[in-house]
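Below is one structure, written out as structure tokens, with a few remarks after it.
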Amino acid sequence: MENNLQQSLQKKNGKEPSKIVARGVNVYYGDKQALFNVGLEVPHRRVTALIGPSGCGKSTFLRCINRMNDVIDGCRVEGFITIDGMDIFSLDAVGLRARIGMVFQKPNPFPKSIYENVAYGVRIHSLARTKSELNAIVNNSLKRAGLAREVADRLHDPAYSLSGGQQQRLCIARAIALQPELILMDEPCSALDPIATARIENLIAELSLNYTILIVTHSMQQAARVSHRTVFFHLGRVIESGDTNKIFTKPRRKQTERYITGRIG
Amino acid sequence: MNKTLDSIDKHLKRRHRADRRYRLYGQLAIVFALLFLLMFFFSIITRALPAFWYQTASLSLELSARVLGGEAGDPLPREISERQARKLLDAALALELGPSSERAILRARRALLTPLAALELKKLLLEKRYKDQEREQGVRIGDKLLLPFALSSESGNYISSLRYSQLGSKEEEASSLPEPQRRSLSILQQRGLIEKRFNFAFFVRSDSRTATSAGIWGALVGSFWALLIAFILAFPLGLFTALHLQEFAPRNRLTYVIEVAIYNLAAVPSIVFGLLGLSIFLNWWHLPRSASLVGGLVLALMTLPTIVVASRNALASVSEGIRSAGLALGASREQVVFHHVLPRAMPGILTGTIIGMAQALGETAPLLMIGMVAFVAQAPMTPLEPATALPVQIFLWADHPDPAFSSRSAAAILVMLVFLVVMNAAAVILRRSFERRG
Amino acid sequence: MGMLTFAASVFALFALVGFVLFLRTVARSRAFTHRDAYSFPSASLLVGFIATISTAFLLLLPFLLPRASIPTILLGAHSPLVLIGVCALLGACASLGFVFYAPRSFPSRRFVGASVRVMLFLSSTLAVATTVAIVASLLFETLRFLEEVPLGDFLFGLHWSPQTALFSDDIGSSGAFGAIPVVLGTFLITLIAISVAVPIGLFAAVYLSEFAHKRTRSIVKPILEILSGIPTVVYGFFAALVLAPLISKLGDLIGLQVASESALAAGMVMGVMLIPFVSSLSDDALAAVPRDIRDASLALGATQSETVARAVLPAAFPGVLAGVLLAFSRAVGETMIVVMAAGLAAKMTFNPLAAPTTITVQIVTLLVGDQEFDSSKTLSAFALGMLLFCLTLVINASALFATRRYGSRYE
């Protein structure tokens with residue numbers, strides 16, 4: 001109830017309602033608490049970066065969004081998270097994950113062909129009724145991920161024959177084949193060389209026109225390059241969140257400033 | 001959220017159902033395996049129980065002067081023949097079942113008891129005479145003794161089936177016993193002379209032609225010799241092989257050949273080891289056939305790969321720091337290995353060895369090939385005498401038409417399983433203490 | 001030899017050990033070398049080595065040499081006691097000689113070290129020697145068999161009855177040594193076993209490693225291990241005395257003709273025996289699949305079973321296949337279950353309710369009991385053994401090949 005009010009308030013103010021709203025999120029791994037009362041908002045069709053030193057809960061929060069923490073033994077998630085105003089804990093986890101794409105730190109294509117990797121999600125959800133529909137979806141996804149030209153003639157080669165950067169773009173293609181509106185990226189470039197990183201950052205910029213992207217990154221420079229909004233995490237808490245420019249030039253909190261200037265982290 | 005992806009939601013129910021079915025199959029598989037285990041143990045235990053108990057008939061035996069000679073009050077004669085013992089038994093049976101002099105009836109009555117009854121009575125009386133020599137008091141001619149006599153297996157079965165029918169649960173099993181003998185047994189039972197006793201003899205006697213006096217002692221001793229020899233050979237050789245491969249061997253072709261050989265040996269069927277034993281140990285080296293020495297040699301070869309692999313793993317798990325520290329202090333490579341690495345790896349090595357020995361205990365096929373199927377009525381005193389082993393004994397008894405033997409086979413299985421449980425438990429405990437020490 | 005000799009040997013052993021310990025004390029106190037101070041312990045060890053090895057060598061000498069060349073002194077010793085005593089004495093002399101006549105600068109530590117290394121190396125050649133011995137002995141006897149029965153008749157013949165062959169003089173042409181029905185019987189029973197073991201073992205492994213709670217897993221896994229610890233003769237007992245009559249009775253109820261020693265009984269029990277084998281190898285293969293793959297699949301909105309079926313199992317396939325092949329090889333070589341529960345007559349049949357015989361059963365029947373070693377009956381057993389060895393070798397090699405070739409798909 002309160003949330004719909006918030007959304008209508010935002011609409012009135014001329015702002016588009018947030019894609020993701022999180023309030024009071026606490027996450028426990030067994031007895032250890034990893035996230036403390038985390039609250040933030042992620043706007044539609046923008047790139048939001050989560051920054052902070054390693055081990056401070058950014059990835060954990062990311063995994064809360066598509067309920068990937070549910071599959072971890074002993075992990076307990078408390079709090080309130082909505083996407084488009086719907087409480088994610090009231091939805092079917094499988095259906096939820098189908099609508100959210102995730103890209104991982106280390107490229108993890110399946111040990112199958114390039115075609116089959118992209119087609120995997122489509123097959124599972126029976127999104128294509130004929131072979132030609134499937135082909136169209138696969139080619140489309142590869143195009144949007146910027147991989148189509150490079151693999152046009154070897155769609156049925158094993159995915160492992162691609163380079164690291166290409167594999168990561170393949171994973172992105174695989175994720176967007178399901179037409180998600182939200183893409184979660186967990187340090188997608190940390191295992192890649194600078195050239196591949198640059199290509200993916202360009203891709204992120206293109207994708208942000210149509211998708212909402214939430215990206216966890218270790219590199220402040222990447223956050224500054226790629227995101228519109230930034231959220232700074234430290235030791236499991238949200239310290240500050242705001243427009244990227246403001247965070248990096250005039251941070252409001254002392255801790256943020258110390259992280260940005262390299263004194264901590 | 002995107003509402004046009006309703007097509008996803010459409011299939012969700014079906015997919016969750018499929019997911020639950022998949023899990024169910026997994027659970028069913030496990031349940032099947034567990035059920036089998038239960039049924040297995042249940043059937044073996046129920047079959048083994050009859051072997052642990054045997055029926056006796058308590059008969060009043062008169063040491064009559066007519067049969068044994070001498071006069072009432074004399075001590076027992078120095079020698080008693082089996083014939084005399086039989087006559088005493090006939091008289092005792094006649095006391096309960098009525099006098100008779102017809103040969104056929106006498107023979108039929110004797111068949112109620114185990115065929116060795118007369119022999120055992122003779123031994124018992126001679127033993128009593130020997131013991132009584134020490135003291136003044138003793139058994140004299142004319143005394144009446146109340147002694148239990150083991151029933152033959154058919155009589156025993158009949159009595160058990162009578163018990164069941166008395167309980168009202170089972171119908172009387174079609175007995176192979178002729179009618180007059182059944183009547184005699186019923187008479188004895190009504191007079192309360194039939195008793196059930198625990199079959200201690202099973203553990204101290206060796207194989208025999210009659211089920212009631214058959215025991216596993218001979219097989220146990222044979223297995224003991226074979227395992228001892230297997231251990232004496234396989235443990236040091238396996239350990240040394242593992243030490244060589246793990247600590248000293250250079251990475252060259254010869255080492256590769258050795259590793260391949262060990263991998264191969266582990267995969268060779270056990271019967272081929274038996275063929276090896278037959279052609280080399282028996283036919284080339286002319287070692288005595290059926291000897292537990294040969295069995296031990298074959299088992300040693302079979303256990304070798306197990307010990308080598310387990311030892312290698314144990315040695316590999318010793319942290320590298322130990323070796324570096326030792327070498328830095330000026331010890332030679334061999335001293336480091338034998339004085340520092342080996343003691344730390346020993347629990348793991350022993351665990352593997354115990355497990356290997358447990359496997360060797362259950363091996364049957366190769367022992368059949370080298371002839372350890374001998375009917376041994378006496379436990380072998382040295383590894384060179386003809387012997388049999390526990391699993392072979394199980395095999396031989398299982399095939400026997402007499403159900404008493406197959407129940408003894410099941411009983412021997414239980415004994416062997418107890419040994420295996422103990423050995424595996426020891427190995428597990430050893431492994432746990434090893435892991436805890438790190 | 002009797003009990004007395006055995007006791008005498010044990011006594012001589014103790015005496016020798018005592019003597020060696022005495023010598024070690026002497027060696028240590030004599031300040032063996034100046035330069036190699038750290039050779040003290042090795043020097044005493046060396047003394048012990050020499051004493052024991054020389055004694056053992058002398059004791060084994062009669063077995064190693066052909067009878068003719070043993071010197072009369074040793075042969076003339078009527079009592080084995082004297083023989084053992086003499087050998088022990090000679091061994092002691094050898095070690096004494098070493099103690100008092102070896103040069104002071106003798107590098108005991110290096111010498112012992114080198115000897116130890118040689119000893120370890122020689123021990124490890126035993127495995128190779130055994131493999132060679134197996135192949136050689138099988139080959140030797142098989143070649144002798146093939147002198148009488150041509151290879152083609154053996155490998156492709158359709159009629160196996162070696163018992164009757166003895167009654168006719170013309171062994172070769174009576175065609176009684178055709179191995180095909182025997183091999184067929186082996187494969188029939190093996191197939192039944194595999195069709196029991198693989199579904200159950202694989203599903204159990206999948207459930208335990210992907211779906212079950214840690215607690216369930218820690219309880220069920222050891223219980224499955226129990227199945228693998230049961231000796232095959234016990235399984236054979238169960239198959240022959242419990243399952244086979246049960247199946248027979250069931251068959252009678254339904255109206256089918258079931259042999260009292262059906263392939264079905266033997267095959268099913270063999271299958272159960274193989275369940276933990278398949279299960280643990282599949283478990284290893286599944287555990288080797290990296291976590292990323294499961295994460296990727298789940299993040300795409302797949303259910304857990306879809307993840308397992310479409311992503312994890314295909315990735316683990318080489319390992320699972322290797323496990324199945326190894327189980328196959330064990331089933332082919334299995335003896336006791338089939339000896340106790342399967343039949344003796346070699347028929348050409350695919351009927352699981354019949355009672356075919358297997359390679360291992362034939363080997364046992366031909367060799368257990370009195371035999372003259374030269375008859376082609378017993379030689380045929382060795383030929384079967386060679387066939388069995390080659391079969392298992394091929395299957396194991398293909399299992400290894402499967403893991404090597406397809407295993408490194410995801411690195």
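Both backbone and side-chain heavy atoms feed into the values below; hydrogens, waters and symmetry mates do not.
- The neighbour count for Phe42(B) CZ, taken as heavy atoms of other residues, nucleotides or ligands under 6.0 Å away, does not exceed 12.
- Glu210(C) CD to Arg23(B) CZ: the interatomic distance, rounded to the nearest 0.5 Å, is 10.5 Å.
- At a 4.5 Å heavy-atom cutoff, the contact between Thr303(C) and chain B is made by backbone and side-chain atoms alike.
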Q: Go through the steps for Thr392(C) and Val268(B) under the test side-chain contact (heavy atoms from CB on, under 4.5 Å), then give the verdict.
A: CA-CA 7 Å; Thr392(C) 48; Val268(B) 169; over 6 Å; no
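- With chain B as partner, the option from Ile230(C), Leu224(C), Thr125(C), Val206(C) having the largest number of non-hydrogen pairs under 4.5 angstrom is Ile230(C).
- Among Gly385(C), Pro276(C), Ser123(C), the residue with the largest count of heavy-atom pairs under 4.5 Å with chain B is Ser123(C).
- Proximity to chain B is absent for every atom of Leu122(C), based on heavy atoms less than 4.5 angstrom apart.
- Remark: Ile30(B) CD1 to Tyr207(C) OH distance equals 6.5 Å, nearest 0.5 Å.
- Interface residue Ala309(C): backbone and side-chain heavy atoms are both found under 4.5 Å from chain B.
- The side-chain heavy atoms of Pro269(B) and Thr360(C), taken from C-beta on, include no pair separated by under 4.5 Å.
- With a 4.5 Å cut-off on side-chain heavy atoms, Phe121(C) and Leu254(B) count as touching.
- When all heavy atoms of Pro391(B) and Val233(C) are compared, the pair lying nearest together is O-CG2, 3.7 Å.
- Between chain C and the residues Leu276(B), Ile355(B), Leu304(B), Leu12(B), the largest count of heavy-atom pairs under 4.5 Å involves Leu276(B).
- Contacts from residues 358-366 of chain B to chain C, taken as heavy-atom pairs separated by less than 4.5 Å, involve Gly362(B), Thr364(B), Ala365(B) in sequence order.
- The greatest number of non-hydrogen atom pairs below 4.5 Å with chain C, out of Val260(B), Ile271(B), Val272(B), Val428(B), is found for Ile271(B).
- Using a 4.5 Å cut-off between heavy atoms, Arg20(B) does not touch chain C at all.
- Interface residue Ala410(B): backbone and side-chain heavy atoms are both found under 4.5 Å from chain C.
- The residue among Leu126(C), Leu241(C), Thr216(C) with the most heavy atom pairs within less than 4.5 Å of chain B is Leu241(C).
- Residues of residues 414-424 of chain B that come within less than 4.5 angstrom of chain C, heavy atom to heavy atom, are Met416(B), Leu417(B), Leu420(B) in numerical order.
- Interface residue Leu368(B): backbone and side-chain heavy atoms are both found under 4.5 Å from chain C.
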Q: Take Val116(C) and Val337(B) through the test side-chain contact (heavy atoms from CB on, under 4.5 Å) and record every step on the way to the result.
A: CA-CA 11 Å; Val116(C) 162; Val337(B) 168; over 6 Å; no
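- Looking at Leu237(B), the atoms closer than 4.5 Å to chain C (heavy atoms on both sides) sit in the backbone and in the side chain alike.
- Residues Ala204(C) and Ala29(B) share a closest heavy-atom pair of N-CB, 3.9 Å.
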Q | Asn264(B) vs Asn396(C), side-chain contact (heavy atoms from CB on, under 4.5 Å): CA-CA, chis, key distance, verdict | A | CA-CA 9 Å; Asn264(B) 269 328; Asn396(C) 287 328; 5.8 Å; no
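- The closest side-chain heavy-atom distance from Thr131(C) to Leu265(B) is below 4.5 Å.
- For residues 15-37 of chain B, the set of pairs meeting the ring-ring contact (aromatic ring centres under 6.0 Å, His included) definition, not counting sequence neighbours, comprises Tyr22(B)-Phe203(C), Tyr25(B)-Phe203(C), Phe36(B)-Phe40(B), Phe36(B)-Phe238(C).
- Scanning all heavy atoms of the two residues, the minimum distance from His244(B) to Ser124(C) falls at CD2-OG, 3.3 Å.
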Q. Stepwise, does the side-chain contact (heavy atoms from CB on, under 4.5 Å) test hold for Val339(C) with Phe395(B)?
A. CA-CA 9 Å; Val339(C) 164; Phe395(B) 167 68; 3.6 Å; yes
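- Of all the heavy atoms in Phe211(C) and Asp19(B), the pair that sits closest is CE2-OD1, 4.3 Å.
- Under the 4.5 Å side-chain criterion, counting only non-hydrogen atoms from C-beta, Leu275(B) is not in contact with Met386(C).
- Interface remark: Ile280(B) contributes side-chain atoms only to the contact with chain C (heavy atom separation under 4.5 Å).
- By the 4.5 Å heavy-atom criterion applied to side chains, Leu400(C) and Tyr263(B) are counted as neighbours.
- Here Ile370(B) contributes atom CD1 and Leu367(C) contributes atom CG; the two are 12.5 Å apart, rounded to the nearest 0.5 Å.
- Among Leu138(C), Leu393(C), Val242(C), the residue making the largest number of heavy-atom pairs under 4.5 Å with chain B is Val242(C).
- Heavy atoms only, all atoms of each residue included: Ser279(B) and Glu141(C) are closest at CB-OE2, 4.4 Å.
- Heavy atoms of Val220(C) lying under 4.5 Å from chain B belong exclusively to its side chain.
- A heavy-atom distance below 4.5 Å is found between the side chains of Ile223(C) and Leu34(B).
- Looking at residues two or more places apart in sequence or on another chain, you find a ring pair (Phe, Tyr, Trp, His ring centres under 6.0 Å) between Phe281(B) and Trp285(B).
- Using a 4.5 Å cut-off between heavy atoms, Ser332(B) contacts chain C through both its backbone and its side chain.
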